[in-house]
Amino acid sequence: MSNPWELNPYIEYLNRQRLGTQSGLVWGGAVYESIYLSSFPRILFLLKESNCQTPNEVWSLPQHLRNQVEGTIDGPLSSPRLYNIWKFVGCMVAGITGNMPSYQSISSGGSDNFDKICKRALSRVAVLNIKKTPGTSESDSSVLLSYVQQPQHLELLMEEIRILSPHLVICGGTYDILTKVIKRKHEVEWSTGAKTFTCDDTGSIFLDLVDPSVRGIKRNVLYTYLQCVYYDLMHEYHWDERR
């Protein structure tokens with residue numbers, strides 16, 4: 001790449017070149033490249049697959065997220081709407097980049113202010129799916145594993161991670177799948193029960209977490225869990241000294 005602001009065009013190019021668009025394609029990247037690259041820690045959410053209306057959809061996940069941040073009408077919607085999954089991703093990033101204040105303090109200013117905080121934080125992240133072709137709201141782990149075990153798919157995913165160079169990869173329901181295909185070191189199970197490993201190839205820290213879209217878990221409970229986990233990571237890797 002000639003300059004670091006070309007992250008997303010390069011990732012799109014790799015996806016189109018290697019996978020084509022005949023079976024549909026959803027590529028990822030940083031929501032806003034310059035903001036992502038200047039953030040610490042750089043956070044990548046590594047999710048399963050995109051929930052699409054039709055199996056042949058072709059679209060950009062970063063553009064979709066910019067629409068979410070900017071309040072632009074997205075897809076078939078008649079008016080802008082901040083999806084719950086991205087609201088909570090933004091909430092988690094707001095916590096991590098703000099030294100993990102309580103959930104109550106982030107949400108205390110009312111729903112509109114909470115949305116603003118989440119959108120502002122969402123602008124700092126990168127997002128990838130391990131499966132690039134469109135999926136549904138119900139992901140099958142065996143299908144996802146079979147997909148990422150194919151050499152061309154794993155090679156593309158690892159190249160995307162190297163391009164984005166995250167400090168922290170939050171695995172939304174993808175951690176167990178990745179442990180079967182990624183060379184790793186320094187695996188840790190923390191006092192909270194959280195699991196992490198360091199990717200041997202990129203040096204990024206991978207953290208096990210449920211998918212942000214999962215139902216049945218209270219958001220404040222999951223946030224508090226992440227709060228405890230991140231304190232451990234922050235001190236272990238001296239991230240608190242690098243802000």
> Is there a donor-acceptor contact under 3.5 Å from the side chain of Thr196 to the main chain of Ile205?
Replying inline: no
>> Tell me the closest heavy-atom pair linking Trp27 and Pro62, and the distance in Å.
In response: O-CD, 3.4 Å
>> Quick check for you: to the nearest 0.5 Å, what is the distance between Lys132 atom NZ and Glu49 atom CD?
In response: 11.5 Å
> Is the backbone N or O of Arg81 less than 3.5 Å from a side-chain atom of Gln68, with the two atoms forming a donor-acceptor pair by type?
Replying inline: yes
>> Ignoring hydrogens, what is the shortest heavy-atom contact between Arg42 and Leu164? Give both atom names and the distance.
In response: NE-O, 3.9 Å
>> If I compare all heavy atoms of Leu128 with all of Glu160, which pair ends up nearest, and what's the gap?
In response: CD1-CB, 3.7 Å
>> One pair to check against side chain to side chain contact (heavy atoms under 4.5 Å, CB included): Ile161 and Leu44. What are the steps and the verdict?
In response: CA-CA 8 Å; Ile161 295 173; Leu44 166 64; 4.1 Å; yes
>> To the nearest 0.5 Å, what is the distance between OG on Ser191 and OH on Tyr231?
In response: 13.5 Å
> Sequence neighbours excluded, which residues qualify as side-chain hydrogen bond (donor to acceptor under 3.5 Å, both in side chains) partners of Asp232?
Replying inline: none
> How about Gln17 and Tyr13: does a side-chain donor come under 3.5 Å of a side-chain acceptor?
Replying inline: yes
> Where do His153 and Tyr147 come nearest, in terms of heavy atoms and distance?
Replying inline: ND1-O, 2.9 Å
>> Give me each pair satisfying side-chain hydrogen bond (donor to acceptor under 3.5 Å, both in side chains) with a member in residues 172-184, each pair once, sequence neighbours excluded.
In response: Arg184-Glu187
> Between Ile177 and Lys48, is a side chain to side chain contact (heavy atoms under 4.5 Å, CB included) present by the stated rule, with each step listed?
Replying inline: CA-CA 10 Å; Ile177 294 171; Lys48 297 175 181 178; 5.8 Å; no
>> Are Val143 and Leu19 connected into the same hydrophobic cluster when the rule is that any two of I, L, V, M, F, W, Y join if their side-chain heavy atoms are below 4.5 Å apart?
In response: no
>> Quick check: closest heavy atoms across Met158 and Cys199, and the distance to 0.1 Å?
In response: CE-SG, 3.7 Å
> Which is it for Arg18 and Glu155 under the side chain to side chain contact (heavy atoms under 4.5 Å, CB included) test, yes or no, and what are the steps along the way?
Replying inline: CA-CA 10 Å; Arg18 304 212 185 150; Glu155 180 183 331; 3.8 Å; yes
> Can Asn8 and Gln63 be counted as having a side-chain donor-acceptor contact under 3.5 angstrom?
Replying inline: no
> So Tyr237 and Thr198, side chain to side chain contact (heavy atoms under 4.5 Å, CB included) or not? Walk me through it.
Replying inline: CA-CA 11 Å; Tyr237 298 106; Thr198 304; 4.3 Å; yes
> Distance from Phe45 atom CZ to Ile85 atom CD1, nearest 0.5 Å?
Replying inline: 9.5 Å
> Can you name the closest pair of heavy atoms from Pro41 and Ile96 and give their distance?
Replying inline: CG-CG2, 4.0 Å
>> Whether the side chain of Ser146 engages the backbone of Ser142 through a donor-acceptor N/O pair (distance < 3.5 Å, no angle test) should be reported.
In response: no
>> Can you confirm whether Cys91 sits close enough to Cys118 that some side-chain heavy atom of one is under 4.5 Å from a side-chain heavy atom of the other?
In response: yes
> Does Ile35 offer a backbone N or O that forms a donor-acceptor pair with the side chain of Ser38 under 3.5 Å?
Replying inline: yes
